[in-house]
Amino acid sequence: MHNLIYIRENPTEFDNAMKLRGEDNLSSKILELDKIKRETQTVLQNLLSDKNKLSKEIGILKAQKLDANTKIKKVEDLKSKIDNLKELEEIKDNELNSILSRLPNIPDKSVPFGKNENDNIKYREWGNKPDFNFKPKLHYEIGENLGLINFELAAKLSGSRFVVLKKQISKLERAISNFMLDKHTVENGYIEYTLPFLVKDQSLFGTGQLPKFGEDLFTAGEDHWLIPTAEVPLTNLVRNEILNINQLPIRTTSCTPCFRSEAGASGKDTRGMLRQHQFTKVELVSIVEPQYSDQELERMLECAESILKDLNIHYRVMTLCSGDMGFSAKKTYDIEVWLPGENTYREISSCSNCGDFQSRRMNTRYKTEGKNQYVHTLNGSGLAVGRTLIAILENYQMEDGNVKIPEVLIEYYNNKTLL
RNA sequence: GGAGAGAUGGCUGAGCGGUUGAAAGCACCGGUCUUGAAAACCGGCAACGGGGCAACUCGUUCGUGAGUUCGAAUCUCACUCUCUCCGCCA
């Protein structure tokens, strides 16, 4: 959610920023609504003030057992005017909010301009592509050959974009989750949470999925939605809170299933388990003071990278361009892991600094020098577990069709070295 | 699912139709005292929004939303959530 005062004071900068994200000049319309609303408000408040005064006087007269009928009549006359103005103010306020709540965050100055993913810029890379003396297979070929990944069974149960894993692969997935959580809680300083997978509208509004992106989500009953990421419950833990400065920074993590309708992705990545309606992800969320959010993003990125480094899998980090960033983000790094079977890089993590965009929506502040200030929020995958499984299968595959277990996972895999 | 009780500021908690934005305590901030700290004492301390260069001023807010009234934290209704007891059940 945007700061109206900022828009009032910097309409041109605001319009330019929104243009980067494909939104037309809006400041004039916003400011017009804002102006009408405030004018209405001023008149309304004067009338309310009159009404309050009269009511108080009536109270005093009545206490003295004096006649108050003329004043009562006056207040009654004020009422209809007040009701009309209230209605007008509410209409304008709603219009304003419905515009503001659908506008994406302003990109950080350091974000490259661009239209889509082709304009993203490489930030850094780590490791090397592995050499194979045979043609590396795709993850689902490996899994299906071993009889451990099954899409037909999943389709029977739930339709397309689901998967059934079993035996060693199920266990490996569990090992990956545990390894990541241990890494983040023990070494990287995040606090682990177990969270609801169903949330209310309010929470999704807070992180920015609603009101605009409801079609990307699954609903569960009348009042709940399935979480598309643990970012939603983790970030909303501090919704409507005034935090004490010494509570910050707050660093939290959780491993949850994530549910996405993939509404806009029909025909994309239909084979394999790369793009599913349900997948597991370890999420990182930080709540920090504004002046530290830039460095917190770098820190978070390094925490996410540390997983792939430990797994010894080649990856690159991309700085997303203005056109490819998510709604709430002010700056985003994607980690793209190397998949030899596909012979390409694929997103395995996305780390974003949302600035005060989400905290304004959630009304999350902290007290500093007697004043309340909006916190900054960040979130990142650390990492997507399903895609990490894919990366391991493809990078650690052997010619005979079996797969080596990455060294750091062996202790999580009953000390076995092969799948 | 049945029966009850409740929701007030950062926290605890009084108020149950008329200067109550809300007693008191804790926490927090400033000061006195002290070599320093603690204790004690004194003072300050809700949020959001409108108007104003400013001093300041006005409005809204006591779970949420409607209603009654000249006037609502206080009365009525609906909803949400929490707690206790009973039943059922991982």
Side-chain angles (χ1 to χ4, degrees), chain A residues 1-9 30-101 194-206 210-211 219-225 233 236-248 250 287 289 356-375:
Chain A
M1 193 76 108
H2 292 288
N3 183 358
L4 250 178
I5 295 168
Y6 173 82
I7 303 176
R8 267 180 226 159
E9 289 171 357
I30 291 170
L31 292 180
E32 176 67 15
L33 277 170
D34 179 45
K35 195 174 153 222
I36 296 172
K37 190 197 118 186
R38 278 151 74 205
E39 285 167 358
T40 310
Q41 201 172 9
T42 304
V43 179
L44 172 65
Q45 288 182 354
N46 287 337
L47 293 179
L48 282 171
S49 174
D50 292 347
K51 184 184 136 200
N52 288 343
K53 271 186 210 132
L54 282 169
S55 291
K56 241 169 219 175
E57 288 166 16
I58 292 165
I60 293 165
L61 287 177
K62 290 231 167 167
Q64 297 171 340
K65 303 252 192 274
L66 294 171
D67 176 57
N69 282 334
T70 23
K71 290 190 190 263
I72 291 177
K73 192 97 185 77
K74 267 193 193 166
V75 176
E76 275 170 349
D77 289 344
L78 279 177
K79 272 186 156 176
S80 69
K81 281 192 200 165
I82 289 177
D83 286 346
N84 287 339
L85 285 173
K86 251 190 193 156
E87 204 179 319
L88 180 64
E89 194 210 359
E90 206 181 303
I91 289 169
K92 293 300 165 190
D93 198 40
N94 288 343
E95 271 183 60
L96 198 54
N97 277 333
S98 97
I99 294 175
L100 287 177
S101 63
T194 304
L195 299 161
F197 305 151
L198 303 182
V199 293
K200 300 186 292 186
D201 296 24
Q202 267 297 303
S203 298
L204 288 156
F205 181 86
L210 289 181
T219 52
E222 300 262 304
D223 304 316
H224 293 98
W225 305 77
N236 277 280
L237 287 173
V238 295
R239 188 174 79 228
N240 250 319
E241 300 280 344
I242 298 178
L243 303 165
N244 195 315
I245 191 166
N246 56 32
Q247 290 175 263
L248 302 176
I250 297 172
I287 313 290
E289 290 181 68
D356 62 7
F357 188 82
Q358 292 180 323
S359 65
R360 283 179 187 280
R361 294 175 154 254
M362 294 193 299
N363 196 27
T364 303
R365 292 156 297 165
Y366 75 106
K367 245 195 194 357
T368 170
E369 288 160 7
K371 295 185 87 176
N372 292 329
Q373 257 205 295
Y374 288 108
V375 296

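Please read these numbers as outputs of a predicted model, since none were measured by experiment. Heavy atoms only: backbone and side chains are in, while hydrogens, waters and symmetry mates are out. By convention in this document, chain letters (A, B, ...) are assigned in the order of the sequence lines, proteins followed by strands, and residues within each chain are numbered from 1.
Shown here, B/C41 forms a base pair with B/G31; the pair counts as Watson-Crick or G-U wobble because both key distances fall under 3.5 Å. Nucleotide B/G59 forms a Watson-Crick or G-U wobble pair with B/C48, both donor-acceptor distances falling under 3.5 Å. Nucleotide B/U12 is matched to B/A24 when pairs are restricted to Watson-Crick or G-U wobble geometry with both distances under 3.5 angstrom. Using N1 to N3 plus N6-O4 or O6-N4 for Watson-Crick, or N1-O2 and O6-N3 for G-U wobble, each under 3.5 Å, B/U76 pairs with B/A66. Across all strands shown, B/C83 is found opposite B/G4 as a Watson-Crick or G-U wobble partner, with both distances under 3.5 Å. Taking a pair to require two hydrogen-bonding distances under 3.5 Å in either a Watson-Crick or a G-U wobble arrangement, B/G17 remains unpaired.
Separation of the P atoms belonging to B/U32 and B/G9 is 34 Å when rounded to the nearest angstrom. The C1' atoms of B/A14 and B/A23 are separated by 6 Å, rounded to the nearest whole Å. Taking atom P in both B/C85 and B/C79, one finds a spacing of 25 Å when rounded to whole Å. Comparing the P positions of B/A22 and B/G10 gives an interatomic distance of 15 Å, to the nearest angstrom. Of the C1' atoms belonging to B/U12 and B/G18, the separation is 29 Å, rounded to the nearest Å. On the P atoms, B/C16 is 26 Å away from B/G67, given to the nearest whole Å. Comparing B/A78 with B/U19, their C1' atoms sit 33 Å apart, to the nearest whole Å. For B/C62 and B/A7, the P atoms lie 14 Å apart once the distance is rounded to whole Å.
Comparing atom distances between the A/Leu48 side chain and each of B/G50, B/U60, B/C48 picks out B/U60 as nearest. Of the candidates B/G10, B/U60, B/G51, the closest approach to any side-chain atom of A/Ile242 belongs to B/G10. For A/Gln41, counting side-chain heavy atoms from C-beta on, the closest listed nucleotide (B/A46, B/C70, B/G50) is B/G50.
Residue contacts for A/Ile58: at a heavy-atom cut-off of 4.0 Å it reaches a base atom on one of the strands shown. A/Arg360 comes within 4.0 angstrom of no nucleic acid atom, judged by non-hydrogen atoms across all strands. Heavy atoms of A/Asn69 sit nowhere under 4.0 angstrom from any nucleic acid atom. Here A/Lys62 lies in heavy-atom contact (under 4.0 Å) with a base.
Whole-Å rounding puts the A/Lys71 NZ to B/G18 C1' distance at 15 Å. Per the geometry, CD1 belonging to A/Ile36 stands 21 Å off P belonging to B/G49, to the nearest Å. The distance from atom NE2 of A/His224 to atom P of B/U80 is 11 Å, rounded to the nearest whole Å. With rounding to whole Å, A/Asn52 atom CG is found 10 Å from B/G21 atom P. If you take CG of A/Asn240 and C1' of B/G63, they are 11 Å apart, rounded to a whole angstrom. Rounded to whole Å, atom P of B/G50 lies 11 Å from atom CG of A/Leu96. Residue A/Asn46 contributes atom CG, which lies 9 Å from atom C1' of B/G51 at whole-angstrom precision. With rounding to whole Å, A/Gln45 atom CD is found 13 Å from B/U61 atom C1'.
Proximity of A/Arg365 to the phosphate of B/C48: a side-chain N or O atom is located under 4.0 Å from OP1 or OP2. Between A/Arg38 and B/G51 there is a side-chain N or O to OP1 or OP2 distance below 4.0 Å. For A/Asn372, a side-chain nitrogen or oxygen approaches OP1 or OP2 of B/A47 to under 4.0 Å. Taking 4.0 angstrom as the limit, A/Lys51 places none of its side-chain polar atoms (N or O) nearer than this to OP1 or OP2 of B/U60. Proximity of A/Ser49 to the phosphate of B/G59: a side-chain N or O atom is located under 4.0 Å from OP1 or OP2. For the OP1/OP2 pair of B/G49 and a distance below 4.0 Å, the side-chain nitrogens and oxygens of A/Lys37 include no atom meeting the criterion.
Contact check for A/Leu210 versus A/Trp225: side-chain heavy atoms found under the 4.5 Å cut-off. Between A/Ile245 and A/Lys367 the shortest side-chain heavy-atom distance does not fall below 4.5 Å.
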